[in-house]
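Note sheet for the following structure.
All figures in this text were calculated on a predicted structure; none of them were measured in a lab. In the text below, chain A, chain B and the rest are named by the order of the sequence lines, each starting its count at 1.
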Amino acid sequence: MRGKMKSKKFVLFLTLCIGLALLVVGADARRRRRGRIKRAKVTKSQLIEDALKVYVPPGDFDKYYLFLSGGHSGQIYVYGVPSMRHIRTIPVFSRYSATGWGYEYYSRKMMGPRFTWGDIHHPSLSETNGDYDGRWLFVNDNAHNRLARINLDDFKVHQILGPVPNVMGDHASVYVTPNTEYAHMASRFSVPIPTEVDLKNHTYKRGTYAPIEEYKTKYKGVLTFIHIDPKTGYMDLEKSFQILMPPWDFDLADAGKGPSYGWSFFTCYNSEAEFIKGKPLEVVASQRDKDYIVAVNWKKAEQAVKEGKYTVIGGMKVIDPTKVKGLVYAMPTKKSPHGVDVTPDGRYIVGNGKLAPVTVVHSFEKMIEAIKTGKIVREDMGIPVLDENVTKVAEVPVGLGPLHTVFDDKGYAYTSLFVESAVAKWGWKDGLKDQWKMVDKVPIQYNIGHIAAPHGDTVKPRGEWVFALNKLSKGTHLKVGPDQPESCQLIDISGPKMRIIYQAWPEPEPHYAMCIDAKLVEPHVFEVYTKETNPEKEYAVYDPKDARVVRKDDHTVEVFACEIRSSIWPNVVEVNEGDTVIFHLTNIETMRDEIHGFGICGYDICGVPTPGETQTYVFKADVPGVWPFYCVNFCSALHQEMQGYLLVKPKKK
Amino acid sequence: MKKWEMARSLLLVIAGALIFMSFRYPMWSIYLWANMYPNGIGMSIYAYKPADPPDVEEMDGGMHELNVLNHYIGMKPISRKLPVFTILPTLLGLSAVLLILSAFIRRERFFKVALWVFLGTAVYGMVTFFYRIYEYGHDLRPDAAIKVPPFTPGIIGWNRIAQFETWSEFGWGTYLVLIAFAVAWGVYFLDRRFRKRALAGERA
């Protein structure tokens, strides 16, 4: 009897043990199986459909240009959409030996002696009546407070303005006004002003000193409106003006359009107005539940400048909004708002509150109403704060970490969610039954910052696509070591659900991008310089017979050279040790893409004149000897033979 | 009786050994997944330290990454310096030593002391664990950049925190201690059974 009971107990005990073991092991297996985030399965026919949408066969052209900012690479990347192929790099603030930018005399002068890099965040295409017109691309320099203009007829930088006085950390830039009247600049970093500059040499002369404890009173935020000539695109500080603000750290901007034309909007994230030595700003600036979207009536400010209601600080015309009333108003917005985006119809202002799970939508009409009826709840450091219960019309619960919003042609908005690593789609247009409701969300890889769309911030977005400009590309490409490219994903918005159908890996590091219909740009792009359009035509030599070396004085030699398949004339240049050599080189090809180069072994010159172009290189012949020069850009069957010699005669001892 | 004596000693030594072995395995682990961490991140609590999970090589991040993320919501970094990471290993070690000694010292009182020390250790472990889990999720810095309502991280199974899916499980560190516990107390009850039988047998 006991024996049977014993064995029964034993069996029970054993079963319990096995059961427990299975539970433990099974749990582990369940965790491992479900743990990996799986990608959604795509059928073959869907795959083929997707592939055809992005495939542009050789010989065909993309439909759109995509101009990506290059961040701290100081460059602009030109991509084609939908193929997502990198077509070209346009160097702006950094030297780029591939095209000779920064080695040739005039580009070096534009960059100035002090800065060899810049931090381009937001390119902005020129606009007419609120839509892109394909003339110019303006870019900002977040590091050294400069603006640059790229002409879209030759895709080259024609003007670098700055550093601009008083503004520091130009992030809320460029976001041109609807007829390219002004470009915006604003202080991300509040500093004491003035900061005095030497514009000609593109450098700083002197900043203003104040201890950090006086942050609230002595450190200032500065909003800047840079005037742009409507015909030439020339940016002129004389016609520009600034608005003095408290040290609120301005983040981003957008220009009003349509009914809100004449106003601009800036977000800020440190309305706490504090910077404490030893205490992280990420804590200090995140205390208040709401910061502001600051609305500026630039049309009225323009008028105030004409009436002389400004002081000159650091050479700039600066308006104090606490003295000139009616120019600046603050709208409370959750919470450390990042991007501010005006809807295509110009009626709504979307604040993306990066630390709150919502986008806050203010109505422009309600804002004007609040101003007219005096619905001002308080003054914060002299700036009137409007009642948000009047201005705010919606809070759309989009998800974690909203940063930026762009629009399509069907009344929907697309907001990037950094923390959640996703894109949310929601309705904004009046009359839409989905207005203020989120209708779709798609995860992206990984951690999206900006978001872009064809004509996405204009009065007439084209729809079709949305570009996710992501911060992390880890694991989505072949391993390439610790330095990693960025990640730009193409989202197809044509169907009921957003779908990521393609991915590109731009070089570091795009922030924002502008997407324009190629038909608006291509017709006026040229590929060959004529004798009239040659920017340095006064130094041009069009016939090898006219190539010559001229001694200007005891220590200067000027060379007038030309190159064409497959020789450089003159092919022997004799100078003395210590001479300054001014070398003008003309590429006398007339055929597009017949690009030649110019490099001197042992000297730091790298020139790449394009067909019909004359470039100038200036250097000191400081090392005696015989130094070959050659065409560095492969040009022809006899490219190898395209060389000459620089003879530097040693100084007599 | 002799057979039981031998079996008993062996079992007690095994119980002690199991306790020592438990140090090597995590007592509790939590894994988190989100879109940007497809391979997951996580951490494990060992008797003597918080650390990366044992399979961290296949994952996207461990305890350090978790601490970096947690600082945005104001959660304290998980620290090796917590008293439990010194007290618990000491108590466990003491329990193990006492149990092993009880295999050879045939005093009932000694054995009872060992068992109570062991029980006290287990209670201390559980109470501290629940308390710390609660505290970490509720004692959030008021000046955190992202404000979340205080929460208790999941203790077992699937849960969700913000955009993260989490899986919590107890590990072999805990299981081995539990088994040692069952063995030690099992020996105690079997002791009483066998003594009863012996007495009954003597009477008979």
Side-chain angles (χ1 to χ4, degrees), chain A residues 2 13 16-17 20-21 23-39 269 272 279-289 334-336 353-357 399-401 417-423 441-448 470-476 487, chain B residues 25-26 29-42 53-55 58-61 65 68-69 71-74 141-149 154 156-176 178-179 182-183 186 190 193 197 200:
Chain A
R2 243 192 230 140
F13 178 67
L16 279 173
C17 280
L20 184 74
L23 206 73
V24 169
V25 171
D28 189 57
R30 263 203 347 260
R31 187 251 307 168
R32 284 172 194 283
R33 219 179 25 244
R34 252 182 84 176
R36 243 207 112 96
I37 302 267
K38 296 276 193 300
R39 287 201 303 266
Y269 51 90
E272 294 84 350
K279 195 158 184 202
L281 186 67
E282 62 172 321
V283 170
V284 163
S286 307
Q287 289 317 295
R288 279 196 184 175
D289 193 46
K334 293 183 177 168
K335 171 197 169 167
S336 287
K354 85 181 165 210
L355 295 176
L400 299 167
L417 302 169
F418 178 84
V419 176
E420 209 176 306
S421 192
V423 169
K441 187 180 281 191
V442 67
I444 51 81
Q445 289 76 37
Y446 297 105
N447 299 103
I448 176 175
N470 309 327
K471 298 302 178 186
L472 303 176
S473 69
K474 57 177 179 180
T476 60
S487 155
Chain B
Y25 301 99
S29 302
I30 185 165
Y31 295 86
L32 303 90
W33 292 271
N35 180 27
M36 68 287 259
Y37 298 112
N39 298 314
I41 60 174
D55 51 346
E58 301 153 16
M59 292 164 54
D60 284 326
E65 184 68 13
V68 170
L69 291 179
H71 103 281
Y72 285 114
I73 60 171
R141 290 176 59 156
D143 60 359
I146 299 181
K147 306 246 192 307
V148 297
I156 197 156
W158 292 104
N159 284 289
R160 212 180 173 82
I161 301 172
Q163 81 267 35
F164 286 92
E165 242 197 316
T166 71
W167 165 265
S168 317
E169 61 183 27
F170 288 100
W172 281 106
T174 305
Y175 297 137
L176 289 177
L178 287 177
I179 294 170
V183 167
L190 285 176
R193 168 82 64 79
R197 271 202 218 151

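For A/Val284, no part lies near chain B; criterion is any non-hydrogen pair under 4.5 Å. When heavy atoms are compared at a cutoff of 4.5 Å, A/Leu400 approaches chain B solely by way of its side chain, counted from C-beta outward. For A/Lys335, the part lying under 4.5 angstrom from a heavy atom of chain B is the side chain only. Neither the backbone nor the side chain of B/Phe164 comes within contact range of chain A; no heavy atom of the residue lies under 4.5 Å from a heavy atom of that chain.
To the nearest 0.5 Å, atoms CD1 (A/Ile448) and CE (B/Met36) are separated by 12.0 Å. Atom CG of A/Asp289 sits about 8.0 Å away from atom NZ of B/Lys147, to the nearest 0.5 Å.
Here the side chain of B/Asn35 pairs a donor or acceptor atom with the backbone of A/Ser421 at under 3.5 angstrom. A donor-acceptor pair under 3.5 Å is formed between the side chain of A/Gln287 and the backbone N or O of B/Asp143. Checked by atom type and distance alone, the side chain of A/Lys474 never pairs as donor or acceptor with a backbone atom of B/Tyr37 at under 3.5 Å.
Looking at heavy atoms from C-beta onward, A/Val419 lies in side-chain contact with B/Gln163 at the 4.5 angstrom threshold.
The salt bridge (Lys or Arg N to Asp or Glu O under 4.0 Å) check on A/Lys471 picks up nothing, with sequence neighbours excluded.
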